[in-house]
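This report concerns only the one structure given below.
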Number of protein chains: 2
Amino acid sequence: MQRSDTSGPHSGDEDGRGSDTRSRILEAATIHFADKGFDGARTQTIADEAGVNRAMLYYHFRDKEHLYREMLTSHFQVIFRQVFPTFLQLDLGARERVLTIVGVYLGFLRKNPQIRSLLLYELAAGGPHLSEVFDTLLASVPGLELEQVFEQIGTMMGAGAVRPGDPRQFFLHILSLTIFPFAARPLLESIWKLGPGEYDTLMAGRHDAIADLFDHGLFSGKEAS
Amino acid sequence: MQRSDTSGPHSGDEDGRGSDTRSRILEAATIHFADKGFDGARTQTIADEAGVNRAMLYYHFRDKEHLYREMLTSHFQVIFRQVFPTFLQLDLGARERVLTIVGVYLGFLRKNPQIRSLLLYELAAGGPHLSEVFDTLLASVPGLELEQVFEQIGTMMGAGAVRPGDPRQFFLHILSLTIFPFAARPLLESIWKLGPGEYDTLMAGRHDAIADLFDHGLFSGKEAS
DNA sequence: GTCTATAGTTCGATAGAC
DNA sequence: GTCTATCGAACTATAGAC
C-alpha cells in the first residue's frame with residue numbers, strides 16, 4: 001500500500017509533496033483557469049506558464065477536465081478546512097461571532113483573488129463540477145456537518161440574541177454582504193469609474209459598514225412595525 | 001439616410017422590427033450563451049436552436065463576437081431603461097423607496113433567469129465586454145446620470161432618513177442582498193440539497209427578510225455603540 | 001519523467017450558387 | 001436572404017523515442 005517518495009501519474013494526492021512539476025502545473029492552471037474559464041483556457045498556455053512541456057499535463061493529470069477538477073478541489077478545500085469551521089468553533093456572543101465570521105470571509109476573499117473568478121465561472125455554468133467537488137470535500141473532512149451551522153443559528157435565535165426568522169435568510173444576509181462586493185468588483189469599477197486603489201479602500205471599509213447595518217439597520221428613524 | 005423596411009446585414013438596429021431570422025438568432029444566442037458562456041458556446045448550436053442555417057449568423061451579425069455583444073446589449077438595455085430609473089423616479093419616503101427598489105430588483109431577477117448566468121460569465125471574465133456595453137447604453141439613454149443616485153442617497157442621509165455613511169456602501173448593501181441570492185442559486189441548492197421549488201419559496205420570502213434587516217438590524221438586543 | 005511529432009477533431013469564417 | 005461546400009486554423013490528446 002505504501003508508495004515511493006514521488007507521486008505517481010494521475011495521483012490525487014493532496015499533500016504538498018509530490019513532484020515539483022505537478023505543483024507548478026496546478027499553480028499555472030489556477031491562474032489561467034481563473035482568467036479564462038474552463039472552455040477559454042488553453043493547455044498550451046498553462047504548460048508555458050508552468051515552464052513545462054504540454055505533454056506533462058496529460059502525464060500528471062489524465063486530461064484537461066481532471067486537471068481542472070483537481071485544481072478546483074485544492075482551492076475549495078481551503079474554504080472547507082479554514083473558513084467554514086469558524087462558523088462552529090467560535091466561543092463568542094452572537095454579535096462578535098457574526099462579525100468575526102464576516103471578517104474571516106472578507107479577509108479570505110481579499111487574500112485569494114483567484115477564488116473570485118473560479119467561483120463565478122462555476123456559478124455561471126450552473127455548478128456541474130461544484131457538486132462533485134463538494135461531495136469529495138465533505139467526505140474528506142469528516143468533522144464537518146452542515147446542519148450544525150443552522151442548529152447554532154437556531155440556538156442564537158431561540159436565546160433572543162438574534163432576530164427570529166428563517167436561518168437560511170440569516171445565512172444569505174451574511175454571505176451576500178461579504179461575497180457580492182468582491183464578485184462584482186470589475187463591474188462596479190467600470191460603472192463608478194474607480195481606480196484600483198479606490199476599490200481596495202472601499203473593501204477595507206466594508207467590515208465596519210456591515211457591522212453598522214447589523215447593529216442599527218439601514219434607517220435612522222427608529223422603526224415602526 | 002433612410003433605410004428600406006428590412007434591417008440590413010450587420011445592422012445594430014434596436015427596434016423589434018427587422019427580419020424574423022435575426023430575432024430568432026438573438027433569442028437562441030441568449031439561451032445558449034447563458035448556458036455555456038462565450039467560449040463554450042458553439043455557433044452551430046445557436047443556428048440549430050434558431051432553426052436557421054449557420055451562415056445566417058455571419059450574414060446578420062459580423063461574427064460570433066458581434067452577435068454576443070449585441071445580445072448582451074439588448075438585455076442590459078432592459079436594466080438601464082426599466083430597473084435603473086426606479087432609483088430616481090420614486091416620490092416616496094426613504095424606507096418605502098428603498099424597499100420598492102429591492103422589490104423591483106428581485107422581481108426582475110426572478111423573471112429573467114438568463115440574466116443571472118450572462119452577468120456571472122461577464123463578471124468572471126472581468127467584464128471586458130461590459131465596459132463597452134455600458135458605455136453604449138449610457139450614451140443611448142441620455143436622461144440617465146449615475147451621479148444623481150448618489151446625490152439622492154446623500155440627500156436622504158442629510159435629512160436623517162437613513163444612517164449616515166459612504167453612499168457606495170449603502171448601494172452595495174442593496175445590490176448584495178438582492179442579487180447574490182440569485183447568483184449563488186446553483187451552489188446553495190447543491191449545498192443545502194434543495195429541490196427547485198424550495199429555492200423559489202426562499203426567494204419569495206427574500207423581500208420580507210431584507211426589509212426586516214433594514215428595519216431592525218440583525219440582533220435582537222438593542223445595540224451598544 | 002520529459003520531450004517531439006502528429007493524429008484526429010472541432011470550430012469559426014468565407015466563397016459562391018440560387 | 002438563404003443555402004451548400006469547404007478552407008484553414010486551433011485545439012485536445014496520444015504514440016513513441018530518449
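These values consider heavy atoms only, across backbone and side chains, with no hydrogens, waters or symmetry-generated copies. Letters A, B, ... are given to chains in the order of the sequence lines, protein chains preceding strands, and every chain is numbered from 1. These numbers come from a predicted model, not from an experiment.
- We find that CZ of B:Arg22 is positioned 10 Å from P of D:dG1, with the value rounded to whole Å.
- Applying the 4.0 Å criterion to OP1 and OP2 of D:dT14, one finds that A:Tyr58 has every side-chain N and O outside that range.
- Distance B:Phe61 CZ to C:dT14 C1': 18 Å, rounded to the nearest Å.
- Under the 30°/60° scheme for interplanar angles, the aromatic rings of B:Phe150 and A:Trp192 are found to stand perpendicular.
- The distance between atom CG of A:Asn53 and atom P of C:dA5, rounded to the nearest whole Å, is 11 Å.
- Taking only side-chain nitrogens and oxygens, A:Thr43 comes nearer than 4.0 Å to OP1 or OP2 of D:dT12.
- Listed for the B:Ser117 side chain is a donor-acceptor partner under 3.5 Å among the backbone atoms of B:Ala34.
- At least one donor-acceptor pair under 3.5 Å links the side chain of B:Arg206 to the backbone N or O of B:Leu177.
- Comparing C:dC3, C:dC11, D:dA13 by their closest approach to the side chain of B:Arg42 singles out C:dC11.
- Comparing atom distances between the B:Lys64 side chain and each of C:dT14, C:dA13, C:dC3 picks out C:dA13 as nearest.
- In this structure a side-chain-to-backbone donor-acceptor pair under 3.5 Å is missing from B:Thr86 to B:Gln82.
- Ranking D:dA13, D:dT2, C:dC3 by closeness to the A:Met56 side chain, first place goes to C:dC3.
- For the pair A:Tyr59 OH and D:dA15 P, the computed distance is 15 Å after rounding to whole Å.
- Of the candidates C:dA13, C:dT2, D:dT4, C:dT2 carries the atom nearest the A:His60 side chain, counting heavy atoms from C-beta on.
- Evaluation of atom-type donor-acceptor distances gives a pair under 3.5 Å for the side chain of B:Arg54 against the base of C:dA13.
- One interatomic measurement links the two molecules: CZ of B:Arg62 to C1' of C:dG12, which rounds to 15 Å at whole-angstrom precision.
- Within 4.0 Å of A:Ala41, counting heavy atoms only, lie sugar-phosphate atoms of the nucleic acid but no base atom.
- Contacts of A:Asp63 with the nucleic acid, taken as non-hydrogen atoms under 4.0 Å apart, involve only primed sugar atoms and P, OP1 or OP2.
- Proximity of B:Thr21 to the phosphate of D:dG1: no side-chain N or O atom is located under 4.0 Å from OP1 or OP2.
- Here the side chain of B:Arg22 pairs a donor or acceptor atom with the backbone of B:His60 at under 3.5 angstrom.
- At whole-Å resolution of the value, NE2 in A:His32 and P in D:dC11 are 10 Å apart.
- Put simply, CG on A:Leu57 is 17 Å from P on D:dA15, counting in whole angstrom units.
- Separating the CG atom of A:Asp39 from the C1' atom of C:dT10 is a distance of 13 Å, rounded to the nearest angstrom.
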